[in-house]
Amino acid sequence: MPATLEAPPLPSHLQLEITSACNLRCMMCLVRYRPPVNKLAGAMALPLFHRLVGEVPGLRRLTLQGLGEPLLSPHLPEMIRTAVQRRITVGFNTNATLLTARRARELVESRVDWLHVSLDGAHAGAYEAIRDGASFDTVIANLAGLVRAKREADSSTPWIRVVFVAMRDNVGELPALVTLLGGIGVDELHVQNLSHSFSDTDPAGRYEGIRTFTADQALWTGADLERAAGMFAEAARLAREHGLKLRLPALGPAPQTEPVRGRGCSWPWEAAYITSAGVVQPCCMVMGDDRVTLGHLGEQSFPEIWHGDPYRDFRRRLSGGEPPEVCRGCSLYQRTF
């Protein structure tokens, strides 16, 4: 295998978990199944952030999100400012519960490139059953306020995308959500499947809760395939009617039953995910820094980790017929995300 496949140039994209703290306990998120994290203790330190930006000179894109809620980070404004000044495309995903009118204006003024809002239902009952701790009415008002702030500033940024995690219990909400978002005036609706089956974990171990939830709710099991396909088709029709950009995921068999030929993912060659504590992982889809760790920034520089033996071995295995176990249940690897 050529050396460039095992040790490619430094990535142009970093995804940084700028905080591991969150104010919600969402059903499909690992945060729900772990003890709460204090927002100060969970924040990525500014020196680490600035060090990373300096160690990757070809950086062109920064995603400022991980398992936590980015608006809880006290350093978010400075991180955005740093990226904008360096002409690095920057954005993040938020649950929008803290996206007040003032924060919306500040974000538009910051020139952040994109802002993704998690919204998994078109009605309070469905949404609040998934996003435990959130208020549907508050989130809708905050989302509309962001659209309004962008229009009042006559700004082309941020690109406002709503992210909907499709599951058996909420896929029926999708057509109504398209109509709702068409009225609000967001730029795009991005529908995705659950990120991982957690099939590589111990059924009775610390991932038991999220593993069980995923097995019950994932669309890829095929249990609701016909219904989901119908909802996707209706959502697509309504999106065309409302002029809303819509992205839908593939519907397919369970990840365990459909082998992927060749490299199923480009992350370890093009980007990296780094937790708030400085743990370097191949991507954000893994969830849990105990599942795979390629290095720690408290011990090595990022370039040393990127070109180190653990990363080389991970890329080699991912390119071959026997990928790392943690990748096999990943919906991105299986092309169903």
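Index from 1, following the sequence.
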Got a second to check how far [X]'s [atom1] is from [Y]'s [atom2], nearest 0.5 Å?
X	Y	atom1	atom2	answer
Trp159	Thr89	CH2	OG1	14.0 Å
Lys150	Leu107	NZ	CG	12.5 Å
Glu270	Arg61	CD	CZ	12.0 Å

Any donor and acceptor pair, going by atom type alone, linking the side chain of Asn193 with main-chain N or O of Ala250 inside 3.5 Å?
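Yes; at least one donor-acceptor contact below 3.5 Å.
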Using modelled atom types only, decide if a donor and an acceptor are shared between the side chain of Gln334 and the backbone of Thr336 within a distance under 3.5 Å.
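No, the answer is negative, given that no donor and acceptor are paired below the 3.5 Å cut-off.
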Pairing donors with acceptors under 3.5 angstrom, does anything connect the side chains of Glu69 and Asn95?
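Looking only at side-chain atoms, Asn95 and Glu69 do form a donor-acceptor pair, the distance falling under 3.5 Å.
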One thing to verify: whether [Y] and [X] come together as a salt bridge, which I'm taking to mean a side-chain N less than 4.0 angstrom from a carboxylate O.
X	Y	value
Arg51	Glu55	yes
Glu322	Arg328	yes
Glu6	Arg316	yes
Glu234	Arg237	yes

Which word best sums up how the rings of Phe198 and Tyr207 line up, parallel for under 30°, tilted for 30 to 60°, or perpendicular for over 60°?
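Phe198 and Tyr207: parallel rings.
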Is it the case that more than 12 heavy atoms not belonging to Asp154 sit under 6.0 Å from its CG atom?
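Result for CG/Asp154: open.
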Checking Arg335 against Trp220: charged group under 6.0 Å from the ring centre and within 45 degrees of the axis?
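No - Arg335 does not lie over the ring of Trp220 by the 6.0 Å and 45° rule.
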Under the side-chain hydrogen bond (donor to acceptor under 3.5 Å, both in side chains) rule, collect the residues that match up with His123, sequence neighbours excluded.
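For His123 the side-chain hydrogen bond (donor to acceptor under 3.5 Å, both in side chains) partners, ignoring immediate neighbours, are Glu173.
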